[in-house]
Amino acid sequence: VGVRNASINMHARRGSVERAAAIFRSMAHPETKDVISWNVMLAAYANAGMGAEAVLLLRRMQQHGYSPDRVTYVNFLNACDKREMVEHGRSIHARIVVQSKSAPGLCPRTNTVVGCALCSMYARCDSIEEAAAVFCSMEQHNVVSWNAMIGAYAQHGCASLALAVFGSMQQQGVKADAVTMISVLDACASAGDARLGSQVHGWSQQLELRSAALDNAAVNMYAKSGRVAAARQVFEGMQVQRRTVMSWTAMVAAYAGMGHVEQAFRLFYAMQQEGVRPNHVTLISILAACSHAGMLQTGCLYFASMVADYGVRPGQEHTGCIVDMVARAGSVDQAHRLVERSGTGGD
RNA sequence: GUUUAUACACGC
């Protein structure tokens with residue numbers, strides 16, 4: 001069983017939920033499966049953002065007579081990643097509370113993993129009040145729970161609340177880590193506060209919290225504050241080897257967002273020369289840049305050859321760019337043809 | 001090599 005579970009996990013981690021699910025399905029007989037099998041599969045769905053599948057899986061798990069454990073619940077909460085799923089999250093929350101009376105390890109007030117999972121679940125589902133309520137009810141805080149709360153506020157554009165929580169964290173003497181600084185930079189980005197942001201970036205360097213993600217967050221923070229040059233400077237300061245797809249994409253998006261289409265394309269080519277594959281997000285930025293610049297031909301070419309050139313299937317975001325672009329040009333027929341040919345079925 | 005919490009890029 002262990003071998004199979006490991007193999008489900010391996011496929012899921014390599015991005016093939018299909019393969020993972022196939023192995024899981026092949027474990028048809030009850031004796032060949034254990035709680036971990038279900039948990040691994042649930043985690044796979046959660047990481048792939050497949051909330052609906054996670055809901056069905058949890059249901060089936062119980063129908064088959066398995067009792068969810070703490071990992072099951074945490075994995076499931078992880079799968080609740082949008083507003084529409086908040087009710088699922090709430091009902092699991094309620095169950096956790098009830099069951100924690102006989103299973104203390106489940107208690108969100110005393111178990112930080114469960115608490116953080118609930119807090120971030122509510123944040124992802126846009127229920128910031130409930131996220132804060134969970135956070136406040138926790139008796140034990142660690143760096144992760146503080147980070148979760150800072151990140152929750154930052155992502156909802158509540159920059160000053162995020163910074164306030166960051167302040168309390170420091171008052172409590174909890175040492176910030178790289179994730180903390182990323183979340184704070186995120187808050188600065190949403191506030192467009194490059195002054196504070198650069199200070200935060202400076203602190204993190206002093207604290208020797210260097211990571212690619214941190215630099216990416218700084219690039220993004222400057223870009224969102226309209227300071228492309230500063231963003232570029234951080235980007236240039238990164239070791240070429242350490243630049244990830246996200247670094248490049250952030251920089252492409254920064255130029256695209258400022259209407260510097262030429263520069264966006266230059267980086268888009270440069271990243272490929274460095275052997276970094278553009279992903280679906282990179283292509284959204286490129287298509288958006290074409291759209292804003294009225295580069296109808298170029299945009300349609302990239303859209304049409306995305307799969308062949310980059311292995312990226314057009315999603316509704318890409319289609320949205322094209323529709324937008326074509327709407328500006330007033331040639332709706334061409335848009336229909338492209339969209340239908342690519343089979344994305346976007347609206 | 002079996003499963004669990006927080007973080008960075010993206011159109012309208």
Side-chain angles (χ1 to χ4, degrees), chain A residues 1-10 12-13 34-44 46-47 69-78 108 111-121 123-124 131 134-135 138 141-152 154-155 177-187 189 209 211-221 223-224 231 235 243-254 256-257 278-292 299 314-325 327 346-347:
Chain A
V1 185
V3 176
R4 300 222 171 194
N5 290 345
S7 141
I8 295 174
N9 187 36
M10 194 190 76
R13 268 190 355 204
D34 59 13
V35 178
I36 295 180
S37 316
W38 294 91
N39 290 351
V40 175
M41 199 56 229
L42 210 44
N47 292 326
D69 62 10
R70 187 166 70 198
V71 176
T72 314
Y73 288 133
V74 170
N75 285 348
F76 181 81
L77 290 171
N78 242 333
N111 184 290
T112 51
V113 175
V114 176
C116 290
L118 280 167
C119 178
S120 63
M121 178 277 293
R124 281 191 303 273
V134 170
F135 176 80
M138 292 171 69
H141 284 292
N142 61 13
V143 66
V144 177
S145 63
W146 286 104
N147 291 351
M149 199 61 238
I150 295 169
Q155 286 173 0
D177 66 7
V179 176
T180 315
M181 302 316 257
I182 290 166
S183 302
V184 175
L185 283 173
D186 231 16
L209 297 174
S211 81
L214 197 55
D215 288 331
N216 295 348
V219 168
N220 182 47
M221 179 276 297
K224 289 278 155 57
F235 179 82
R243 292 178 192 153
T244 64
V245 197
M246 284 196 185
S247 321
W248 289 96
T249 303
M251 208 55 238
V252 169
N279 65 12
H280 69 284
V281 179
T282 321
L283 284 155
I284 291 169
S285 290
I286 285 297
L287 291 177
C290 293
S291 173
H292 290 136
Q316 76 263 70
E317 290 113 325
H318 305 97
T319 309
C321 294
I322 293 296
V323 169
D324 187 53
M325 177 159 57
D347 341 87

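Order of the sequence lines fixes the chain letters, A, B, ..., with proteins taken first and strands second; residue numbering starts at 1 for each chain. None of the values given here were measured: they were computed from a predicted structure. As a basis for the values below, the full set of heavy atoms in this structure was taken, side chains included, without hydrogen atoms, waters or symmetry mates.
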Are [X] and [N] close enough that a side-chain N or O sits under 4.0 Å from OP1 or OP2?
X	N	answer
A:N78	B:A5	yes
A:R13	B:G1	no
A:K224	B:C10	yes
A:H318	B:C10	no
A:Q155	B:C8	yes
A:N147	B:A7	no

Over all strands shown, is [X] touching base, sugar-phosphate only, or nothing at heavy-atom distances under 4.0 angstrom?
X	value
A:H141	nothing
A:S285	sugar-phosphate
A:M10	base
A:A148	sugar-phosphate

Do [X] and [Y] meet the criterion of a side-chain donor-acceptor pair at a distance under 3.5 Å?
X	Y	value
A:D34	A:S37	yes
A:T180	A:S183	no
A:N279	A:T282	yes

Practice prompt. Choose from B:A7, B:U4, B:U2 the nucleotide whose nearest atom is closest to any side-chain atom of A:V40.
Written response: B:U2
Discussion item. Taking the minimum atom-to-atom distance to the side chain of A:D186, which one of B:C8, B:U6, B:G11 wins?
Written reply: B:C8
Fill in: Quiz item: A:N279 side-chain donor-acceptor pair to B:A9 base, under 3.5 Å
yes
Worksheet item: Could one point to a donor on the side chain of A:N75 or the base of B:A5 with an acceptor on the other under 3.5 Å away?
Response: no
Discussion item. Contact list please: residues 246-253 of chain A against RNA chain B, heavy atoms, distance less than 4.0 Å, in numerical order.
Written reply: A:M246, A:T249, A:A250, A:A253
